[in-house]
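Notes for the one structure printed next.
Computed over heavy atoms, backbone and side chain alike; hydrogens, waters and symmetry mates excluded. The first residue of the sequence shown is numbered 1, and numbering continues consecutively from there.
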Amino acid sequence: MTQLDLDKLKATLVTRAPGPFHFHEIYGQGWETLYIGDKVKLGHAFLNAVRAGKLPGVVDTGTKKGGGRLYLWKPRGI
């Protein structure tokens with residue numbers, strides 16, 4: 001995932017209320033038009049970025065529910 005992609009995701013996250021989310025919810029426009037293989041690659045890159053600490057405040061819950069892996073947005077101070 002490029003730094004531009006990470007910056008876009010961070011900007012989207014700061015506008016969200018804290019709580020659980022799926023990656024496709026913060027990806028933005030165009031998610032539905034992507035091929036399944038591209039969705040899988042992007043989802044895996046997002047998971048790797050979360051695990052590497054590149055998206056502070058995002059926690060991998062380790063569960064899948066209702067459409068994919070569930071993450072938790074926990075901004076600092078909450």
Side-chain angles (χ1 to χ4, degrees):
M1 199 162 262
T2 69
Q3 189 59 46
L4 282 175
D5 296 331
L6 291 173
D7 290 344
K8 177 184 166 210
L9 293 171
K10 287 176 186 176
T12 301
L13 283 166
V14 297
T15 65
R16 288 184 63 90
F21 69 94
H22 291 97
F23 172 58
H24 69 88
E25 296 171 21
I26 65 165
Y27 178 81
Q29 256 183 327
W31 179 259
E32 293 303 320
T33 61
L34 293 173
Y35 292 106
I36 187 67
D38 292 334
K39 290 178 181 180
V40 170
K41 286 180 198 173
L42 286 168
H44 193 262
F46 181 74
L47 174 61
N48 287 342
V50 169
R51 288 180 174 170
K54 294 181 180 178
L55 292 157
V58 177
V59 178
D60 172 21
T61 66
T63 61
K64 290 187 176 183
K65 183 177 181 182
R69 185 173 289 276
L70 197 59
Y71 296 92
L72 180 62
W73 171 231
K74 240 174 94 170
R76 290 186 181 134
I78 294 179

Q: Spell out, yes or no, whether W31 and I26 are grouped together once hydrophobic residues are joined by side-chain heavy atoms under 4.5 Å, including indirect joins.
A: yes

Q. Out of curiosity, E32 CD to K39 NZ, how far, rounded to the nearest 0.5 Å?
A. 4.5 Å

Q: Identify whether L9 and L34 are in the same connected component of the hydrophobic contact network (ILVMFWY, side-chain heavy atoms under 4.5 Å).
A: yes

Q: Kindly determine whether V59 and Y71 satisfy side-chain contact (heavy atoms from CB on, under 4.5 Å), including the steps that lead there.
A: CA-CA 6 Å; V59 178; Y71 296 92; over 6 Å; no

Q.
Could you report the tightest heavy-atom contact between L13 and W73, atom names first, then the distance?
A. O-NE1, 3.1 Å

Q: List the steps and the verdict of side-chain contact (heavy atoms from CB on, under 4.5 Å) for F46 and V58.
A: CA-CA 10 Å; F46 181 74; V58 177; 4.2 Å; yes

(Q) Restricting to non-hydrogen atoms, name the atom on L42 and the atom on M1 that form the minimum distance, rounded to 0.1 Å. (A) O-CE, 3.8 Å

Q: Would you sort out whether K8 and L4 count as a side-chain contact (heavy atoms from CB on, under 4.5 Å), showing the intermediate values?
A: CA-CA 6 Å; K8 177 184 166 210; L4 282 175; over 6 Å; no

Q) Out of curiosity, D60 CG to L55 CG, how far, rounded to the nearest 0.5 Å? A) 12.0 Å

Q: Taking all non-hydrogen atoms of both residues into account, name the closest pair between K10 and K54 and its distance.
A: CE-O, 3.1 Å

Q. Do you know which two heavy atoms are closest between P20 and L72, and how far apart they sit?
A. N-CD1, 3.7 Å

Q.
Please check this pair: side chain of T63 against backbone of L70, looking for a donor-acceptor N/O pair closer than 3.5 Å.
A. no

Q: Measure up the Y27 and F23 rings against each other and bin them: parallel (under 30°), tilted (30 to 60°), perpendicular (over 60°).
A: perpendicular

Q | Minimum heavy-atom distance H22-R69, with the two atoms named | A | CD2-O, 3.3 Å

